[in-house]
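Just so we're on the same page: letters track the sequence lines, and every chain starts at 1.
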Amino acid sequence: MKTLGKIFNALIFIFLYAPIAVMIVFSFNSSRSTYVFEHFSLKWYGEFLNSTITITAMKNTLLLAVISALIATVFGTVASIGIYNLKSKTAKGAIMGVTNIPMMNPDVVTGVSLMLLFVFIGRFLGFGSSLSVYTILIAHITFNLPYVILNVLPKLRQIGNTYTEAARDLGCTYTKAFMKVILPNIYSGILSGFLMAFTLSLDDFVISYFTNGTGFQTLPLLIYSKTKKSVKPDIYALSTVIFVAVLILLILVNSVRAKSEKEQKSKKSVRARNITLSIISATVCVAIVVYSAMPSGKYGDFGKKLESEYSTSLAGTTLNVFNWGEYISDGSDDTLNVIEAFEQTTGIEVNYDNYDSNETMYSKLKSGAVAYDIIIPSDYMIERLKNENMLKKLDFKQIPNYKYIDEQYKNLYFDEKNEYSVPYSVGKTGLIYNSKMVKGDVNSWSVMWDEKYKGQVLTFNNSRDAFSIAQFMLGQDVNSTKKSDWKAAAELLKKQNRVLQARVMDEIFTKMPGNNAAIAPYYAGDFLTMYESNKDLRFVYPKEGVNVFVDSVCVPSNSKNYEAAMMFINFLLEPEVALANAEYICYASPHTAVVNNDRYSLKDNEILYPKKKVKEQYYHNIDPEIRSYYEKLWEEVLLS
Amino acid sequence: MKKSSLTKLINAPYILWSAIFIVVPLIIVAYFSFTDKNGNFSLENIYEIPDYGGIFLRSIIYAFVATAITLVISYPFAYFMTKAKVRTQSMMIMLVMLPMWMNLLIRTYSWTTILEKTGIINSFFGLFGLGPYNLIGTSGAVIVGMVYNYLPYMILPIYTSMSKIDKSLVEAAEDLGSSGFDKLKKVILPLTLPGVISGITMVFVPSVSTFYIADKLGSTKTLMIGDMIQKKFDINVYSGIGAALSLVLMVLILICIVFMNRFSDNDDGGIIV
């Protein structure tokens with residue numbers, strides 16, 4: 001029986017640690033695949049140490065967890081004492097009922113409801129942006145509190161009133177009685193409350209997702225924002241470091257505990273207090289050590305060259321940037337750390353946040369939940385933002401580097417007079433297939449409906465891109481205003497369900513290189529990343545047509561640091577910066593000095609810069625009625 | 001007299017905090033559920049709810065299965081754990097909690113490497129000429145993800161209530177001639193019921209509303225209500241239908257909890273330690 005139990009528990013531990021083992025193993029992978037292990041390398045450890053974005057996110061996460069857990073612990077302990085001393089049973093019941101809500105409520109609902117509250121209050125008080133670092137802190141304290149209370153309250157019940165009364169009879173003041181009698185007895189409750197609060201805060205994603213504001217990105221939010229590009233093993237490396245740090249902490253605490261157990265067997269309360277204090281302070285210490293030991297990103301001598309050209313008149317001000325995940329050169333792989341270089345050159349502090357779709361960015365901006373100085377939306381979203389007066393005109397006098405922009409990317413439909421946007425990156429959709437699994441020449445989207453490849457086809461997990469494929473197949477306009485067109489496209493998509501393996505976004509970065517699927521549509525530049533780890537992959541622009549998109553830099557109308565924004569845009573257009581970004585992002589560049597640069601590794605790349613003309617179409621902003629119609633159809637497709 | 005005013009003083013900040021950050025937000029959710037875009041009273045969001053019946057049902061079924069599996073795993077696990085040496089026990093507890101310090105997103109992401117068509121499990125089966133099996137993208141994968149992520153929430157409360165059991169009670173049962181099974185059924189099980197109930201609640205609630213896991217490990221056919229609500233609010237911060245779905249989810253969970261609490265008279269939740 002005993003051996004059986006041991007085996008059973010060992011199996012459960014294997015189950016609990018299998019994904020963590022995977023994470024650790026792949027953090028040492030030499031390629032970017034989280035899938036095929038090539039050979040041992042410490043590359044990713046260097047990468048995350050060099051990435052200011054990741055490091056900042058990690059710092060934020062730790063800071064938030066420590067502060068919210070500490071506040072919740074103190075507040076919750078005081079509240080527990082208050083609740084315990086309540087005479088009225090109804091009042092007690094009511095308070096406990098409310099206390100239970102954040103625990104019983106799904107995280108999604110807690111997050112959403114708090115977001116709505118903050119947005120409401122923000123509007124009422126007329127704030128430019130209602131979400132901030134304080135709202136995320138409040139949210140974390142709120143969901144941490146019940147765990148502290150539910151750990152402390154039972155301890156108070158256990159000791160009862162008699163000891164306190166005895167202490168009072170012996171002449172203690174209430175405060176003294178509390179310090180000498182109550183506190184030592186509830187330490188273990190406080191400790192587990194603190195640890196739970198800390199753990200939950202560290203692990204939380206959903207509530208942070210809804211309540212975080214400008215300039216405070218936590219690690220989970222950063223990871224989530226990478227859903228269009230892909231999670232790289234540098235995140236695994238970072239997690240491995242955290243894992244090892246926590247493991248060491250826990251082992252230390254455990255041995256301290258065992259030691260003090262031996263020494264102070266008689267003095268139970270003192271022991272409890274010592275352990276509690278040591279664990280809390282150890283946690284805080286480790287957090288602080290990790291926090292301060294994190295190096296800030298590397299910075300080359302490149303900025304110095306530019307220092308003369310950029311004034312430092314705005315030094316000390318803050319610039320809030322909202323960009324796609326993995327969409328700026330971040331200093332990994334010895335590339336240029338663009339944000340850092342800008343900060344060093346101008347003295348302006350940059351808050352950098354990520355989003356994972358145009359729509360998310362739009363709705364956050366629209367609600368007044370956040371305020372940014374720089375955003376990088378796609379074409380159709382620029383049209384929409386412009387129509388809704390959510391963009392500021394740019395002052396091109398302050399952006400002399402605009403001269404580098406290729407003529408073909410000027411005067412585009414969404415900004416015909418070149419007033420609001422500066423092209424940043426250009427891409428096209430296309431079809432990726434595995435030449436070992438797909439026979440013959442592929443040149444049409446129709447292969448995605450082919451029964452031969454049943455269970456091996458992937459498609460986009462976002463409505464617009466998925467619809468566009470069906471629309472190209474049907475020879476429709478992707479911006480059709482006819483409901484019947486969308487309906488027909490939806491019917492075609494439903495037929496595809498039979499052969500589909502999955503609808504994916506970033507998962508494609510593991511599925512295609514890992515030979516887990518044969519056919520998938522995606523963005524041209526990302527194919528190059530996948531091709532690096534699997535040379536059997538091929539890319540084609542299907543004959544029916546593809547979507548082309550231009551992501552451009554814009555300034556939202558509620559920007560508070562317009563001058564700095566102009567400076568930043570001009571900085572992004574510096575040939576060296578644009579080159580670094582083009583290499584990093586791997587999409588086509590609209591920058592002439594990049595495209596013609598011999599150091600540009602993707603120069604004349606036939607996929608990014610095809611010689612033959614590709615049949616392509618831009619997305620336009622679709623009017624709300626049609627939009628909600630096709631979103632509804634999309635839900636039907638998903639659920640059919 | 002002095003003490004009661006002190007109590008009031010101590011309670012005031014917490015009551016205020018709960019009112020603003022717990023109660024009011026829920027009222028706002030309800031408000032959005034019952035109003036249209038212009039803020040007028042409307043049932044249009046409520047009428048749309050039946051369209052999502054399938055997702056609700058699926059979420060509840062998945063959560064139910066996941067909770068049942070975690071319970072079946074955790075109970076013996078906790079039981080065997082209490083049999084170990086005290087020091088080993090506290091070490092084991094820490095090891096159970098440790099994965100929670102790695103972010104849920106990363107842990108879930110790692111599972112894809114294990115479950116993929118050419119992933120670790122299928123490679124293992126491949127050695128014996130079996131498979132590859134379709135593991136990822138199935139409801140099974142989603143449930144595994146849920147069981148994995150919420151297992152600690154079940155183990156900890158059960159372990160706590162189990163380790164609190166007075167050994168003399170078990171011994172008394174033995175002395176009175178109880179068989180192993182009787183001992184479990186008549187002594188251990190009733191005494192650990194509060195732990196089991198709070199474990200069930202702590203697993204069931206996040207499972208029903210689970211988010212990201214179904215998206216990563218499942219397919220669009222395994223989409224869950226948590227993902228749906230997130231998607232709604234992603235496109236529109238003032239999503240009426242999103243608010244209505246949240247409201248229904250909340251009520252559903254409340255019903256489940258009330259139902260479960262009827263089996264237990266424990267009112268302090270019985271969380272760990």
Minimum heavy-atom distance A/P19-B/W111, with the two atoms named: CG-NE1, 3.2 Å
Heavy-atom contact with chain A under 4.5 Å, split by part of B/F211: side chain
Nearest atoms (heavy-atom pairs only) where B/P99 meets A/L16: CG-O, 4.1 Å
Pair B/F77 and A/F13, ring centroids less than 6.0 Å apart: yes
Between B/D234 and A/Y209: side-chain donor-acceptor atoms closer than 3.5 Å: yes
Residue part contacting chain A, namely of B/I27, when any heavy atom lies under 4.5 Å: neither
Within-4.5 Å side-chain heavy-atom neighbours: B/L98 and A/F243: yes
Verdict with reasoning, A/E507 to B/E116, per side chain to side chain contact (heavy atoms under 4.5 Å, CB included): CA-CA 11 Å; A/E507 297 91 332; B/E116 267 295 358; 5.9 Å; no
Which of A/I20, A/T142, A/D204 touches chain B most, by non-hydrogen pairs under 4.5 Å: A/T142
Min side-chain heavy-atom separation A/I223-B/Y109 under 4.5 Å: no
Side chains of A/Q501 and B/K117 in contact at under 4.5 Å (non-hydrogen atoms): yes
Donor-acceptor pair, side chain of A/D203 and main chain of B/W101, under 3.5 angstrom: no
Side-chain touch A/L247/B/M94, heavy atoms, less than 4.5 angstrom: no
Side-chain ion pair, B/K216 and A/D506, N-O less than 4.0 Å: yes
Heavy-atom closest pair, residues A/S363 and B/V237: O-CG2, 3.3 Å
Sub-4.5 Å side-chain heavy-atom contact between B/L249 and A/N105: no
Chain B contacts, top residue of A/L219, A/L145, A/L500 (heavy-atom pairs, under 4.5 Å): A/L145
Considering all heavy atoms, the nearest B/Y14-A/A79 contact: CG-CB, 3.5 Å
Contact winner vs chain B - A/L114, A/V637, A/I81, A/V504, heavy-atom pairs under 4.5 Å: A/L114
Donor-acceptor pair, side chain of B/N103 and main chain of A/P220, under 3.5 angstrom: no
B/K232 and A/E635 ion-paired at < 4.0 Å: yes
A/T199 side chain reached by B/M97 side chain, heavy atoms, under 4.5 Å: yes
Ring geometry between B/Y148 and A/F15 (parallel below 30°, tilted from 30 to 60°, perpendicular above 60°): perpendicular
Heavy-atom pairs under 4.5 Å with chain B, option from A/Y362, A/Y236, A/F210 with the top count: A/Y236
Heavy-atom pairs under 4.5 Å with chain B, option from A/K364, A/M104, A/M115, A/K366 with the top count: A/M104
Best-contacting candidate, A/D107, A/T110, A/I141, against chain B by heavy atom pairs under 4.5 angstrom: A/I141
A/Y17 side chain to B/L95 backbone, donor-acceptor under 3.5 Å: yes
Contact summary for B/M92 and A/N9, nearest pair of heavy atoms: CE-ND2, 3.6 Å
